[in-house]
2 protein chains.
Amino acid sequence: MDHNPEPRKTRIQTENEARILDAALDAFSLHGFRGATVDQIAEGAGMSKPNLLYYFRRKQDIYEALIDRLLDTWLEPLESLNENGDPIPELRMYIRRKLEMSRDFPRESRLFANEILQGAPRITRMLETRLKELVDEKSEVISGWMKAGRLNKADPRHMIFSIWSTTQHYADFDVQVRAVLGPDRGGDGRFEDAARYLETLFLDGLKPRP
Amino acid sequence: MDHNPEPRKTRIQTENEARILDAALDAFSLHGFRGATVDQIAEGAGMSKPNLLYYFRRKQDIYEALIDRLLDTWLEPLESLNENGDPIPELRMYIRRKLEMSRDFPRESRLFANEILQGAPRITRMLETRLKELVDEKSEVISGWMKAGRLNKADPRHMIFSIWSTTQHYADFDVQVRAVLGPDRGGDGRFEDAARYLETLFLDGLKPRP
DNA sequence: ATAGAGTTTTATCAAACAGTCAATTTCCGT
DNA sequence: ACGGAAATTGACTGTTTGATAAAACTCTAT
């Protein structure tokens with residue numbers, strides 16, 4: 001007996017929803033929720049506004065679908081921080097993966113940045129539950145490494161913040177980074193420079209040792 | 001002969017412009033340029049919309065006045081990095097002052113973050129000239145310190161980025177920081193924790209030394 | 001090939017928006 | 001106290017915005 005079955009999606013539905021979400025990511029990541037318009041998204045997706053609203057009845061529905069879809073991807077690098085690994089390689093890997101995400105998914109990074117910047121009205125609960133629990137758990141891991149003398153002692157939560165901020169900076173403040181570095185260091189060279197610098201910073205710091 | 005003299009401002013004019021800019025800072029820092037509305041700003045400033053537009057004829061004029069007014073304050077800490085000082089105290093001071101600015105002027109930080117995040121359409125020129133020149137100049141200073149062995153060798157421009165991102169994070173991502181830290185570490189305790197952590201990170205890094 | 005579900009468009013709406021204008025009220029130096 | 005400048009307001013305009021309704025069209029399983 002299949003009562004109330006999951007409505008299975010048609011080919012057109014799948015395609016159009018994907019095109020809408022892609023266009024919406026462009027718009028929302030650049031202008032935030034309020035600044036982006038449905039017309040804009042519809043044009044980006046190559047369809048009329050009423051047709052777009054046939055797939056997502058309200059503007060907010062598109063936005064929420066986007067956020068839901070991106071959350072797992074976004075938190076995955078931290079989730080895979082392995083308690084049983086060596087702290088230094090684990091850390092190095094985490095930083096590199098976050099930096100790669102800034103390079104490969106800058107729109108996603110800006111979407112979250114916009115949401116937080118604007119007070120996170122739509123994801124406060126998530127921040128206080130899922131995100132907090134994940135950070136609490138991984139802070140314990142890091143704290144354990146520190147107590148065992150395998151990492152310098154420092155506040156693990158602020159340490160996570162510093163990894164987030166330094167890596168996401170290259171996506172969120174891309175325009176500024178480009179302007180300051182000038183046209184010379186574009187492309188992959190820039191990414192490698194950033195990776196090398198962050199490794200030095202996080203492992204060795206800036207104070208010379210005798 | 002005083003031809004075309006500067007129109008001197010009345011008391012009311014001075015007061016109202018200040019109230020408008022303050023309300024505008026609230027609105028723009030929270031919603032960005034497109035997301036903020038003139039009605040909203042007028043209400044925040046406690047006056048009618050036509051009256052507000054009597055002082056600033058266009059929405060964009062308010063925004064530009066705000067940015068102009070804030071730029072000097074914002075760049076001052078980097079500008080006062082002193083070539084002839086000791087690198088470590090200079091660095092420590094710069095980080096602390098940037099962190100204090102995030103604590104004392106979070107709205108200003110968010111305003112800039114919003115502008116950059118949305119592609120910096122109104123300040124691209126400034127980024128490519130004034131900001132780039134300042135960073136170039138101070139990068140030379142830092143580079144000199146490194147060549148003299150007074151700082152670890154690392155890319156000075158990325159070093160500046162990392163100081164900006166880690167300190168501004170506490171203003172721009174305040175909601176997230178609060179959610180993750182929980183209600184316990186509120187107020188000044190949080191600030192001191194961050195200051196202590198960043199000092200450890202930037203000076204010593206996280207890898208333990210024998 | 002065709003019926004019915006699925007898709008798209010035209011036309012339209014009310015609310016929100018930035019900005020204008022003329023008329024009124026308040027301020028302030030004399 | 002008064003006259004002109006400065007300040008304030010209500011009423012309004014044209015546009016953009018999110019959203020709806022109904023009609024027309026297209027796809028697909030049988």
Side-chain angles (χ1 to χ4, degrees), chain A residues 2-67 114-115 118 121-122, chain B residues 2 4-28 30-67 114-115 118 121-122:
Chain A
D2 73 333
H3 52 91
N4 196 16
E6 304 257 319
R8 84 192 60 184
K9 291 182 180 176
T10 67
R11 173 184 56 86
I12 296 180
Q13 202 168 354
T14 312
E15 286 174 11
N16 281 350
E17 282 180 4
R19 285 190 8 241
I20 291 169
L21 289 176
D22 189 70
L25 186 54
D26 276 339
F28 285 132
S29 68
L30 199 57
H31 299 114
F33 180 76
R34 294 196 51 176
T37 73
V38 176
D39 291 272
Q40 198 178 8
I41 299 170
E43 192 189 332
M47 67 181 69
S48 67
K49 178 164 63 173
N51 196 22
L52 181 150
L53 290 166
Y54 167 73
Y55 292 100
F56 295 89
R57 296 189 59 197
R58 297 175 311 154
K59 180 185 178 182
Q60 191 166 337
D61 293 344
I62 316 175
Y63 192 79
E64 284 167 2
L66 260 185
I67 295 219
N114 256 308
E115 174 68 16
Q118 309 190 353
R122 291 162 195 84
Chain B
D2 72 335
N4 196 15
E6 305 255 319
R8 82 193 63 184
K9 290 183 180 175
T10 68
R11 173 184 58 85
I12 294 181
Q13 202 167 353
T14 312
E15 287 174 9
N16 280 351
E17 282 180 4
R19 277 174 36 224
I20 290 169
L21 289 176
D22 189 71
L25 187 53
D26 276 339
F28 286 131
L30 199 57
H31 299 114
F33 180 76
R34 293 195 53 176
T37 74
V38 176
D39 290 272
Q40 196 179 9
I41 299 170
E43 192 189 331
M47 67 181 68
S48 66
K49 178 165 61 173
N51 197 23
L52 182 149
L53 290 166
Y54 168 72
Y55 293 100
F56 296 90
R57 295 187 61 197
R58 297 175 312 156
K59 180 184 177 183
Q60 191 166 338
D61 292 344
I62 317 174
Y63 192 79
E64 285 168 3
L66 260 185
I67 295 219
N114 255 308
E115 175 67 17
Q118 309 192 352
R122 290 160 196 85

### Query
Below 4.0 angstrom, N of the basic side chain to O of the carboxylate: do A/Glu15 and A/Arg19 qualify?
no

### Query
Taking only residues two or more places apart in sequence, or in another chain, which ones meet A/Tyr63 in a ring-ring contact (aromatic ring centres under 6.0 Å, His included)?
A/Phe28, A/Phe33

#### Entry: Non-hydrogen side-chain atoms of B/Asn16 and B/Met47 separated by less than 4.5 Å
yes

#### Entry: C/dT7 OP1/OP2 closer than 4.0 Å to side-chain N/O of A/Thr10
yes

### Task
May I have the distance from B/Ile62 (atom CD1) to C/dC17 (atom C1'), rounded to whole angstrom?
14 Å

#### Entry: Any side-chain heavy-atom pair of A/Gln40 and A/Asp26 under 4.5 Å
no

### Distance, rounded to the nearest Å, where B/Glu15 contributes CD and D/dA7 contributes C1'
12 Å

### Task
State, to 0.1 Å, how close B/Ala23 and B/Gly44 come at their nearest heavy-atom pair, and which atoms those are.
CB-C, 3.6 Å

### Message
Rounded to whole Å, how long is the line connecting atom OH of B/Tyr63 with atom C1' of C/dA18?
### Response
17 Å

### Task
Please tell me if the side chains of A/Asn114 and A/His31 come closer than 4.5 Å, counting only heavy atoms from C-beta onward.
no

## Note on the structure
Applied to residues 42-52 of chain A, the side-chain hydrogen bond (donor to acceptor under 3.5 Å, both in side chains) test, sequence neighbours excluded, yields A/Asp39-A/Lys49

### Message
Does D/dG18 have OP1 or OP2 under 4.0 Å away from a side-chain N or O of A/Arg57?
### Response
no

### Message
Rounding to an integer number of Å, can you tell me how far A/Leu53 CG sits from D/dA21 C1'?
### Response
13 Å

### Task
Provide, to the nearest angstrom, the distance between the CD1 atom belonging to B/Ile20 and the P atom belonging to C/dA18.
14 Å

Listed pairs, N/O of protein and of nucleotides 8-11 of chain C, under 3.5 Å:
unit_1	atom_1	unit_2	atom_2	d
C/dT8	OP2	A/Asn16	ND2	2.9
C/dT8	OP2	A/Asn51	OD1	3.3
C/dT8	OP2	A/Asn51	ND2	3.1
C/dT8	OP2	A/Tyr55	OH	2.7
C/dT8	O5'	A/Asn51	ND2	3.2
C/dT9	OP2	A/Ser48	OG	3.2

Provide a list of protein-nucleic acid N or O atom pairs under 3.5 angstrom, restricted to nucleotides 1-4 of chain D.
none

### Message
Applying salt bridge (Lys or Arg N to Asp or Glu O under 4.0 Å) as the test, list every pair that has at least one member in residues 51-60 of chain B; sequence neighbours left out.
### Response
B/Arg58-B/Asp61

### Task
Round to the nearest Å and state the distance from A/Lys59 atom NZ to C/dA16 atom P.
14 Å

### Query
When rounded to the nearest 0.5 angstrom, what distance separates CD1 in A/Ile41 from CG in A/Leu21?
9.5 Å

### Message
Determine whether a donor-acceptor pair (N or O, by modelled atom type, separation under 3.5 Å) exists between the side chain of A/Glu115 and the backbone of A/Arg122.
### Response
yes

### Message
Do B/Thr37 and A/Arg34 have side chains that approach each other closer than 4.5 Å (heavy atoms only, starting at C-beta)?
### Response
yes

### Contact residues, residues 24-46 of chain A to DNA chain C [heavy atom, < 4.0 Å]
A/Arg34

